[in-house]
Peer 1: 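This is the structure I have questions about; it appears just below.
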There are 2 protein chains.
Amino acid sequence: MASSLDEVARQAGVSPATVSRALRGVGRVSEATRARVVSAAAALDYVISPAASSLARGTTGTVGVVVPYVERWFFATLISAAERVLREAGISVLLYNVGDQEGRARFFHELPLRRRVDAVLVLSLPLSASEVDLLRDLAVPVVTVGLDAPGTDCVGIDDHAAATSAMRHLLHLGHRDIAFIGEDTPVPLGFTTPLRRRDAYRDALHEAGIADGALEVPGGFTIDGGERAMTRLLSGHRLPTAVFVASDEMAFGALRALRRAGLRPGRDISLIGFDDHDLADVLDLSTVAQPVLEQGKAAAQILLRRVRGDPDEPSRTVLDTHLVLRGSTAPQREAAGEHD
Amino acid sequence: MASSLDEVARQAGVSPATVSRALRGVGRVSEATRARVVSAAAALDYVISPAASSLARGTTGTVGVVVPYVERWFFATLISAAERVLREAGISVLLYNVGDQEGRARFFHELPLRRRVDAVLVLSLPLSASEVDLLRDLAVPVVTVGLDAPGTDCVGIDDHAAATSAMRHLLHLGHRDIAFIGEDTPVPLGFTTPLRRRDAYRDALHEAGIADGALEVPGGFTIDGGERAMTRLLSGHRLPTAVFVASDEMAFGALRALRRAGLRPGRDISLIGFDDHDLADVLDLSTVAQPVLEQGKAAAQILLRRVRGDPDEPSRTVLDTHLVLRGSTAPQREAAGEHD
DNA sequence: CTGAAAGCGCTTACAG
DNA sequence: CTGAAAGCGCTTACAG
């Protein structure tokens, strides 16, 4: 097995150059010759050597996909959508999962992508300015999802508008005592998602004339973090009647905290999440739906265009979101919820 | 940028061969020479060309990870664990997500892995006999998780024993009318997981003297499939008092069906799943926990050993499972549940 | 310890 | 339309 192009050439009675052309469909090759080459290649079970081809051509037919947490639904779904588009285009996907600090530091230090890929897809991996520079030094197209990295093609949603719709929903239900579970730790440049959702929370309160009522708790965008945040809210001196949680997974954790406290979402306290996770429906969680598959797909398609040489200016693609109302949000009850 | 080994050689005043040796730490190179080479490489920001190196050496420093559904928690978690081990060992991971029929057919037809990887990791992708052969033709080590593919290193759990523990739990609680949601469609060779869990279900009933009480519904291992299956059970002429669901995600769907029917898990009907999904706790679902991260990690470590030339016979690694009891299972109530 | 040389398996102008 | 030749950037016996 593993016969070479030269063997195919010998078998077909032509030169290696002709085999190369015939098999890739480039240059002028007579139909008869092409047929001979193709059947010789088939007979020998010939497979091109990607390394040799890559060395000679200078491109790799491979892209790098960088992601912080494959194991989380959001990222796994993005990967799934992107990988599909790329695979169907005959492009291989190198996966780098670098959510933890050291993994990420090492990734940017060693940059295993160097000379290995034709393009890079960064999926909601917070990037510092110097990290953006490092990626740019790769000298290949970079497409990002959920970031604002200068010089890259950006795919995302309007986080502020989406979060605002969640807040308006709660306000329309009569809630005025609304808490926010999100992230307030300083985040790397360009990863504005948590901040935008928080700003929308603040702005909505402000707009409703209850700006001084802001109650924000960090949840770290994990299930456990969401649970801790909600537990903190439950043990605070002021119990909100509703909570806007910046991600569904944090909201799942919050639901667990409620269950443990014997409280029923919707009835005792309203909860709205963000994402429309696969399981939001199972948990009866109201949420802001964002098109995750579509974002992964769009990003991959842009990447394909870039790999094929599209010279346009960096693009910005903003996809739509919408509210999905379920049992976890309900009108504020007249009597209850007044703790202060 | 992208300087070559030759430039480093010139800069360091040595031959390319010496640079190659010095940088990779093979062969005899004097300390002084090595230092000169290293600093020249650093000064030139030299990065080896993977393609050239791979072509010259015949290995790729890359492994292929094949998986049916990245977007599902179980697979995403396996990937995460395996990718980490491999990345930390300096090995790149090519991801192939081929759950759908066509994608999978095309994958095995084109075998994009050929000449591209040093080894393959197959994560719970049902393989037919001919597919196993195709992988073997790759002539690289193959490690599998959750399969019984001959000639490969297998990592997994004892599905029969694990499922038996779930059944025993239900039987101990006094349930005798126990249904099973799993998969009964013919599955490809070697993917015995669904069958083993089903067999354990049947065997347990048999052992308990209620063999004629088997009630099996297919759920396709998806959330929606689980919901449909449970809905079917709920509309059947015989309502079980407990259900063993062969995966947590199907159980989540089943929970949704229960909620829609106004039934409460644990009180009205007992439910036990399989996996201990991240969200099983949030949903208060009793389940059989299997060590997913550990399986991914173990598989990757075996893969590493193989890549490094371990000539041992194919190995079989079986990891432990354990019951996790939560609110979705409860004792059979004396009066209720008698429908037939 | 170090270098010259061949070779890994393709691709691509350049001729014809 | 087809071929000879150089080149892509490493690695590895083989000498010394």
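Reminder, nothing fancy here: chain letters follow the sequence lines and each chain counts from 1. All heavy atoms count here, side chains included; hydrogens, waters and symmetry mates do not.
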Peer 1: Taking the side chain of Ser49(A) as heavy atoms from C-beta outward, which of dT12(C), dC10(C), dC10(D) is closest to it?
Peer 2: dC10(C)
Peer 1: Under a 4.0 Å heavy-atom cut-off, which of residues 10-17 of chain A touch DNA chain D?
Peer 2: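 Within residues 10-17 of chain A, the residues near DNA chain D are Val14(A), Ser15(A), Ala17(A).
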Peer 1: Taking 4.0 Å as the cut-off, does a side-chain nitrogen or oxygen of Arg57(B) come that near to OP1 or OP2 on dG9(C)?
Peer 2: no
Peer 1: Looking at Ser20(B), I'd like to know whether one of its side-chain N or O atoms comes within less than 4.0 Å of OP1 or OP2 on dC10(D).
Peer 2: no
Peer 1: Report yes or no: do Ser54(B) and Thr60(B) form a side-chain donor-acceptor pair below 3.5 Å?
Peer 2: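 On atom types as modelled, these side chains do not qualify, holding no pair under 3.5 Å.
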Peer 1: For a 4.5 angstrom cut-off between non-hydrogen side-chain atoms, does Glu83(B) reach Glu71(A)?
Peer 2: no
Peer 1: Where each residue is assigned the nucleotide of DNA chain C containing its nearest heavy atom, which of Val29(B) and Ala56(B) is assigned the position nearer the 5′ end?
Peer 2: Val29(B)
Peer 1: If only side-chain N and O atoms count, and only distance matters, is there a donor-acceptor pair under 3.5 Å linking Ser30(A) with Thr33(A)?
Peer 2: yes
Peer 1: Begin with the C-alpha distance, continue with both residues' side-chain angles, and end with the deciding distance and a verdict on side-chain contact (heavy atoms from CB on, under 4.5 Å) for Leu319(A) and Gln290(A).
Peer 2: CA-CA 8 Å; Leu319(A) 299 180; Gln290(A) 68 166 315; over 6 Å; no
Peer 1: Let me know, please, whether Leu55(B) or Thr18(B) comes out on the 5' side of the other along DNA chain D by nearest nucleotide.
Peer 2: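 Closer to the 5' end of DNA chain D: Leu55(B).
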Peer 1: If only side-chain N and O atoms of Arg24(A) are considered, is one of them under 4.0 Å from the OP1 or OP2 phosphate oxygen of dT11(C)?
Peer 2: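 So the side-chain polar atoms of Arg24(A) do come within 4.0 Å of the phosphate oxygens OP1 or OP2 of dT11(C), strictly under.
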Peer 1: Whole Å only: how far is the CG atom of Asp6(B) from the P atom of dA4(C)?
Peer 2: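 About 12 Å, once rounded to whole Å.
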Peer 1: Using a 6.0 Å cut-off, check whether atom CD of Glu31(B) has over 12 heavy atoms from anything other than its own residue.
Peer 2: yes
Peer 1: Rounded to the nearest Å, what distance is computed from the CG atom of residue Leu5(A) to the P atom of nucleotide dT2(D)?
Peer 2: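 In whole Å, dT2(D) P and Leu5(A) CG are 15 Å from each other.
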Peer 1: Whole angstroms only, please: what is the CD1-P distance between Ile48(B) and dC8(D)?
Peer 2: 17 Å
Peer 1: If a pair satisfies ring-ring contact (aromatic ring centres under 6.0 Å, His included) and one of its residues is in residues 104-125 of chain A, list it, with sequence neighbours excluded.
Peer 2: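 The answer is Tyr96(A)-Phe107(A).
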Peer 1: Assess Arg72(B) against Phe74(B): is NZ or CZ under 6.0 Å from the centre of the six-membered ring, and within 45 degrees of the ring's axis?
Peer 2: no
Peer 1: How long is the span from the OG1 atom in Thr152(A) to the CG atom in Asp148(A), to the nearest 0.5 Å?
Peer 2: 8.0 Å
Peer 1: After noting the C-alpha distance and the side-chain angles of Arg84(B) and Lys297(B), does the key distance pass the side-chain contact (heavy atoms from CB on, under 4.5 Å) rule?
Peer 2: CA-CA 8 Å; Arg84(B) 178 182 195 129; Lys297(B) 190 174 168 186; over 6 Å; no
Peer 1: Can you tell me the distance, in whole Å, between the CD atom of Glu7(A) and the P atom of dC8(C)?
Peer 2: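 Computing the Glu7(A):CD to dC8(C):P distance gives 11 Å.
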Peer 1: Starting from the C-alpha separation in whole Å, work towards a yes-or-no answer on salt bridge (charged side-chain N to carboxylate O under 4.0 Å, His left out) for Asp45(A) and Arg114(B).
Peer 2: CA-CA 11 Å; Asp45(A) 195 24; Arg114(B) 294 203 283 182; 3.3 Å; yes
Peer 1: So, is Ser4(B) near the phosphate of dC8(D), with a side-chain N or O under 4.0 Å from OP1 or OP2?
Peer 2: no
Peer 1: Touch check for Arg21(A), heavy atoms < 4.0 angstrom, all strands: base, sugar-phosphate only, or nothing?
Peer 2: base
Peer 1: With pairs defined as Watson-Crick or G-U wobble and both distances under 3.5 angstrom, please note down DNA chain C as a dot-bracket string, | for pairing with another strand.
Peer 2: |||.||||||||.|||
Peer 1: Applying a 4.0 Å non-hydrogen cut-off, can you work out what Ser54(A) is touching in the nucleic acid: base, sugar-phosphate, or nothing?
Peer 2: nothing
Peer 1: Can you tell me how far P of dC1(D) sits from CZ of Arg36(A), to the nearest Å?
Peer 2: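 Result: 14 Å.
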Peer 1: Does Arg34(A) put a side-chain nitrogen or oxygen below 4.0 Å from OP1 or OP2 of dT2(D)?
Peer 2: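 Result: no.
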Peer 1: Check every strand shown and say whether Arg28(A) touches a base, only sugar-phosphate, or nothing at a heavy-atom separation below 4.0 Å.
Peer 2: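 The residue Arg28(A) makes base contact.
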Peer 1: Between Thr33(B) and Ala52(B), which is nearer to the 5' end of DNA chain C once each is assigned its nearest nucleotide?
Peer 2: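 The answer here is Thr33(B).
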